Amino acid sequence: MRFSIDSEQLESGAVKRVEEMIQQSPSVCYQCGKCSAGCPVHYLMDIPPNVVIRLLQMGQTDRVLESRTIWVCASCNTCSTRCPKEFKIAECMDALRELALATGKDTPSEKDIKLFHREFLKSTRRFGKVHEASLAAFYKLKSRHFFADVGAGIKMFFKGKIRPIPHRVKGVREIRQMFEAAGYGQKVEQ
Amino acid sequence: MSRIGVFICHCGENIARTVDCARLAEESGKLPGVMVSVDYKYMCSDPGQNMIKRAIAEHKLDGVVVAACSPHMHEPTFRAAVVQSGMNPYLCEMANIREHCSWVHTDRELATEKAIDLVRVMVEKVKRNQELFPIRVPITKRALVIGGGIAGIQAALDIAAGGHEVILVERQPSVGGNMARLSETFPTLDCSQCILTPRMVEVARDPRITLYTYAEVEEVEGFVGNFKVKIRQKAKSVNADICNGCGDCWNKCPMKKIPSEFDAGLGYRTAIYVPFPQAVPNTPVIDREHCLKFLKDKCGVCAKVCTRGAIDYEMQDEIIEAEVGAIVVATGYDLYGIGKEQPNERWKGYGEYNYDTYKDVINGIQFERLLSASGPTQGEVRRPSDGKVPKSVAFIACVGSRDPEKGIEYCSKICCMYVAKHAMLYKHKVHDGQPYIFYMDIRAGGKNYEEFVRRAVEEDGVLYIRGRVSKIYKDGDQLVVVGADTLSDSQVQIRADLVVLATAMVPHKNAYEFAQKIGIACGSEGFYSEAHPKLRPVETMTAGIYLAGACQAPKDIPDAVAQASAAASKVQLLFSSDELEREPIVAKVNEVTCVHCRNCIRVCPYSAIDDKEIRDRHGNLIRMVAEVNEGMCMGCGTCVAACPSKSVQLAGFNDEQVFAEILALGHE
Ligand SMILES: Cc1cc2nc3c(=O)[nH]c(=O)nc-3n(C[C@H](O)[C@H](O)[C@H](O)COP(=O)(O)OP(=O)(O)OC[C@H]3O[C@@H](n4cnc5c(N)ncnc54)[C@H](O)[C@@H]3O)c2cc1C
Ligand code: SF4
Ligand code: SF4
Ligand code: SF4
Ligand code: SF4
């Protein structure tokens, strides 16, 4: 990788946006690497989590927004929990995903992950919690990965983990209101 | 008939692993004159020493041989032990069966044989040892401090506060050293001048301190408690007693474009000058290499304008002789230069940074001058080439340091901190500027140091880039800095308006010669050596000479001051008694047989031998002989070997003793 750095990049809007969203500056990170050390999906990433933050420090936002890492991140929060500087890495990843979508800089290759996120949220908005069976069905229809993970699905079904009929939670209206309040009501349905 | 005791130490496993100590004890016990011979795990321990003490009383011993480690290690321990039993310490000797035997051999059988030999040799020597008594020499309770930086100033003030006279010699026209050139100091950012100048003034005012500036130490002779030094007071060409520092002369001097040493070449001074306005003393000197009067016998303006008649073009260098009891060396440091010309063949300079040809590539001290309110830009950060305020500055750490290829392997220890300080202060002055720091590691191991560095990053937006800079080149009026960031696995380029190099702290270029002149040692990199890296960090191997500040190793101000106070307290410890005890291992001339050939006088490396007149009762000169000054003799034995009439003997090592040792070796 090769790049030039100048102060304009360092002051670039994208880094500022992330800072605003997570209310913390990436400069607190001192690159100890503990986040990457503990990340369970590190092996699937193209850039380790600490380098994502490093690139933000250096104003290289495009590299980050185009990365696979921000989509692979499972939001498990292991990193944030263990960071000695209390940097909110998982939140930062979330902010980066949003920014990637908003700026259209997101990686085309990770479209399935985005699709899954969308179906997940749709399902949540509709039923108040995820309905696995319909989520899987919609996801498979749209992604056209009809046979992937079928084995796991069957196992889960027989263990009673997948209910065929969706169950609507009591507070579904309130949950929908939450979606509206966050400005995601209609977006999710698109 | 002798009554000798032999005490054999296992040194844990150190000796016992290779030497059969039980057998050694048995064989030693059979030697003629040996009354008792025992072995023990740790002779130097309390029970071990008690064993020796008890044996002396029980067996009425008149000599002790301890077969153990090197006498360097424990001779004082065992000699002190025998003294407690009423024995003269010089009747106790050590046979070194560790360094000279167990550590260097592997064959147990042969090593044991050798150990037996070593013990036998010592037994034969001890039989011939005589009681010796320490020599008492008076102490001159006056100290010499060389170098008037913060370390020298602190040492001088502390010694003076202890009630002793101090001579402080500084080779520049003012005291203050490098600290006087700094702007603000990490980690507290207090103004360097503000904390330093009061101390400079104090040094000049203290009646117990005699201050020689523009002076250098020429010669050091003698020994602890009794040094004789020669100080060269360079001709200042200004009579400091009359001059009141009004400044008329330097304001009128026509030679205005001489690069100022104090401003590291970024400002100018005149030929008659004080290095900076707060200088102590505040009287000028004439730099004869640049003065028209001395170059062309013209001008003479300063003498004309000086209403007090203080200018004296005829003034000569003066040699001042002084007697001192202790010396503190506080000569400080220099900075490595990146130029092609280097003071030695090990150092190389940085061709990849175009040597020192770019005006806007400066070093840390120059940046300090740009930051300093009393500097050439009155504290505004303006770059040297065109006076523009730089909008982006690249600071590069470890230039020269930790770069074996350039000839310096060590870490300069303080630059990590001042680089953070520089970037921070720059940001405080140029709010829309961007500081970058290229670094390899951030070494911030001091009180509040790590916190300081994090503040630079998190609060002042300093961007650290982890990697060395491989190249700097010019593009338009900017400098392109090509580096790497190993943290993001990338090559990085920055366009900088100004580049500041944290160049290595190095010894003065004549440090080695200076060390030889005053009789101390320096390491391969040229910093002066302490006597022990852990336990004697402020003493040199030469008794009575101490070290303070950055002349010993790269140091920041707190460390330099701490070492200076430590050196001062060592001096006061020395001065706390009126006399000094010296080892009586000195040469003595037999006046009856001495033929006054003067061989010994010529060969003695310490000039410890003199002529002596022998006169009769009426004062008529009978003849001349040589005489050893016990205070100065270091016991090297050179004279003994040189004397053709065998008239010199070294106490503790006389011919009889040495021959007995040799004979004992060849006994089979
Ligand atoms: C760019 C830079 C920034 C720094 N910033 C900080 C900081 O913020 N905080 C901090 O704690 N430290 C800082 N330091 C370190 C600080 O400068 C040193 O720790 C301190 O100056 C050491 O003092 P010293 O008395 O040992 O040596 P010096 O200051 O070098 O003084 C030695 C004196 O001895 C004189 N001398 C030399 N040879 C002879 C001789 N043969 N005869 C007579 N006199 C002689 C010299 O002229 C000089 O006056 C900085 C250093 C640099 C290079
Ligand atoms: S654990 Fe925290 S400090 Fe360490 S690299 Fe990750 S974000 Fe940075
Ligand atoms: S005589 Fe020398 S020092 Fe004096 S004013 Fe002239 S040039 Fe300057
Ligand atoms: S103190 Fe820091 S900058 Fe200086 S040599 Fe050591 S590691 Fe390099
Ligand atoms: S023993 Fe050495 S130091 Fe002593 S007088 Fe002889 S030559 Fe000089």
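In what follows, every chain begins at residue 1, and chains take the letters A, B, ... in the order their sequences are listed. Because the structure is a prediction, the values reported are computed rather than measured.
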Shorter than 4.5 Å, heavy atoms on both sides: which option in B/D432, B/V482, B/V492, B/V480 has the most such pairs with chain A? B/V492

When you look at [atom1] of [X], are more than 12 heavy atoms from neighbouring residues, nucleotides or ligands closer to it than 6.0 Å?
X	atom1	answer
A/F138	CZ	no
A/K155	NZ	no
B/K413	NZ	no
A/K16	NZ	yes
B/K388	NZ	yes
B/E409	CD	no

Residue B/S392 versus chain A: region with a heavy atom under 4.5 Å: neither

Give, as side chain, backbone, both or neither, the part of B/D485 having an atom under 4.5 angstrom from any heavy atom of chain A. side chain

Separation of [Y] [atom2] from [X] [atom1] (nearest 0.5 Å):
X	Y	atom1	atom2	result
A/I5	B/Q434	CD1	CD	9.0 Å
A/L55	B/S490	CG	OG	6.5 Å
A/Q31	B/T486	CD	OG1	9.5 Å

Applying a criterion of heavy atom separation less than 4.5 Å, what residues of residues 441-475 of chain B form contacts with chain A? B/R454, B/V457, B/E458, B/L463, B/Y464, B/I465, B/R466

Nearest heavy-atom contact between A/V51 and B/L487 is CG2-O, 3.4 Å

Hey, which residues of residues 60-71 of chain A are touching chain B, say heavy atoms under 4.5 Å apart? none

